[in-house]
Amino acid sequence: MRAMVLTRPGEPLRMQELPDRAPGPGEIRLRVAACGVCRTDLHVVDGELPDPKLPLIPGHEIVGYVDALGPGVSGLQRGARVGVPWLGHTDGTCSFCLSGQENLCDRPQFTGYTRDGGYASHAIADARYAFALDGPGGDAECAPLLCAGLIGWRSLCFAGEATRLGLYGFGAAAHIVAQVAKWQGRRVFAFVRPGDAQARAFALRLGADWAGGSDQPPPEPLDAAIIYAPVGALVPAALKAVRKGGRVVCAGIHMSDIPSFPYRLLWEERQIVSVANLTRQDGVDFLRAAAQARVATEVSTYPLERANEALDDLRAGRLSGAAVLVP
Ligand SMILES: [Zn+2]
Ligand SMILES: [Zn+2]
């Protein structure tokens, strides 16, 4: 198999030829058809997340075709198209797993972080954490659903009944969530990097009711806001933008420090919450909703060997929509 491998955080990935691996008990092997490039991959390769597996094959938005089944795997056929997300394994026995919060498992494994991911021609996955992708949609177009879509969905659920929804950072996640939110009948207010006219136009094209710079107030108070950009200063900005009792949802795994702010911004029962990982139920619910909402993702594809370029483009904000690697 071929893979783009991270040997040390902060260094570019390098293409390597590796021995083929056989799936272990409960695992499947996939022929990777596409793998999305997520901001979390940047945090991993830049060394902003602690203790990655090393050497590591990044990538946790994997779309692939089952090509081998390990012992004990049932319910999956060779040739089936599946998607493998960030949460790649849980112990199933800790108090969180037993109470329906497997996203908070005490002994989790994360695809492309603490276990090898999909920047490769082949990948091994825990069969329990592979979602059937039997709907329409090209392989590359489905890839961003596996994290941008899924975490986006969980953060959207955390926003509650909010009719007036703010989205801070209009990248891969927001471009999917905006479509689902509009389908649900919400109004979407998109906040982009100040002066980023292209991102603003992108948000409006995808159905946002309003789009402006993150340094601007919305035209009316929001019921909830979701922050996708890894910028702590957006937390007080979003608190200012939500009404009494409104909620600010932080959807990223990593964020720069949140600057101190006056208590009055939180006062009147405003809330700040974070969203971590996903559950398998989130996957089932989201993939159904995405099909019903006819979510159409916008992707820029890169050959696998150009993964570093895709990461650079994401880092520099040169993308509209999502970057996807194709082996
Ligand atoms: Zn657990
Ligand atoms: Zn991700």
Side-chain angles (χ1 to χ4, degrees), residues 1-3 18-36 38 53 56-94 97-98 100-103 105 107-151 153-154 277-292 295 297 304 324-327:
M1 59 178 275
R2 296 179 311 132
L18 301 168
D20 285 338
R21 299 175 199 178
E27 292 182 329
I28 52 175
R29 187 175 68 203
L30 308 178
R31 176 178 64 74
V32 177
C35 185
C38 173
K53 169 192 176 291
L56 173 72
I57 304 172
H60 58 270
E61 295 181 309
I62 310 174
V63 176
Y65 293 82
V66 177
D67 86 341
L69 302 170
V73 174
S74 58
L76 278 171
Q77 303 288 330
R78 283 185 59 167
R81 185 170 74 161
V82 296
V84 176
W86 168 249
L87 185 60
H89 176 84
T90 55
D91 61 4
T93 57
C94 75
C97 283
L98 294 176
Q101 293 178 288
E102 64 181 0
N103 60 307
C105 178
R107 282 169 292 272
Q109 290 176 15
F110 298 110
T111 312
Y113 177 35
T114 58
R115 59 186 287 148
D116 280 332
Y119 286 16
S121 61
H122 293 79
I124 302 278
D126 182 329
R128 298 177 305 146
Y129 287 88
F131 299 117
L133 289 177
D134 38 22
D139 298 331
E141 286 71 22
C142 284
L145 301 179
L146 272 309
C147 183
L150 249 166
I151 304 288
W153 169 258
R154 190 170 173 86
N277 312 320
L278 63 125
T279 65
R280 281 170 285 177
Q281 192 61 46
D282 291 330
V284 171
D285 294 345
F286 167 64
L287 290 170
R288 188 190 303 127
Q292 288 172 350
V295 167
T297 59
L304 175 61
V324 176
L325 303 178
V326 179

Item to check | Presence of salt bridge, Arg115 and Asp126, under 4.0 angstrom | outcome: no

For the student: nearest non-hydrogen atoms of [X] and [Y], plus distance:
X      : Y      : result
Tyr119 : Gly36  : CE1-O, 3.8 Å
Tyr113 : Leu56  : O-CD1, 3.6 Å
Pro85  : Leu146 : CB-O, 3.6 Å
Thr111 : Gly88  : OG1-CA, 3.4 Å
Val324 : Ala140 : CG2-O, 3.6 Å
Val84  : Ala125 : CG2-CB, 3.7 Å

If you define the side chain from C-beta out and look only at heavy atoms, does anything of [X] sit under 4.5 Å from [Y]?
X      : Y      : result
Arg280 : Phe131 : yes
Arg107 : Thr93  : yes
Met1   : Ile57  : yes
Arg128 : Thr90  : yes
Asn277 : Pro108 : no
His122 : Arg21  : no

Checklist entry - Any idea how His60 and Trp86 line up, ring-wise: parallel (<30°), tilted (30 to 60°), or perpendicular (>60°)? => result perpendicular

Next on the checklist: Under a 3.5 Å distance rule, please check whether Thr297 uses its side chain to pair with a backbone N or O of Glu141 as donor and acceptor.
Outcome noted: yes

Checklist entry - Backbone N or O of Leu133 within a donor-acceptor pair of the Arg81 side chain at under 3.5 Å? => result yes

Checklist entry - Looking at Glu102, Glu27, Gln109, which one forms a side-chain hydrogen bond (donor to acceptor under 3.5 Å, both in side chains) with Tyr129? => result Glu102

Checklist entry - More than 12 non-hydrogen atoms from neighbouring residues, nucleotides or ligands closer than 6.0 Å to CD on Gln292, yes or no? => result yes

Show which side-chain atoms of residues 63-74 pair as donor or acceptor with protein atoms under 3.5 Å away, not counting sequence neighbours.
unit_1, atom_1, unit_2, atom_2, d
Tyr65, OH, Asp139, OD1, 2.8
Tyr65, OH, Asp139, OD2, 3.3
Asp67, OD1, Arg29, NE, 2.9

Separation of [Y] [atom2] from [X] [atom1] (nearest 0.5 Å):
X      : Y      : atom1 : atom2 : result
Asp134 : Leu287 : CG    : CG    : 9.5 Å
Cys105 : Leu98  : SG    : CG    : 9.5 Å
Trp153 : Asp285 : CH2   : CG    : 6.0 Å
Ile151 : Asp282 : CD1   : CG    : 8.0 Å
Ile62  : Cys147 : CD1   : SG    : 11.5 Å

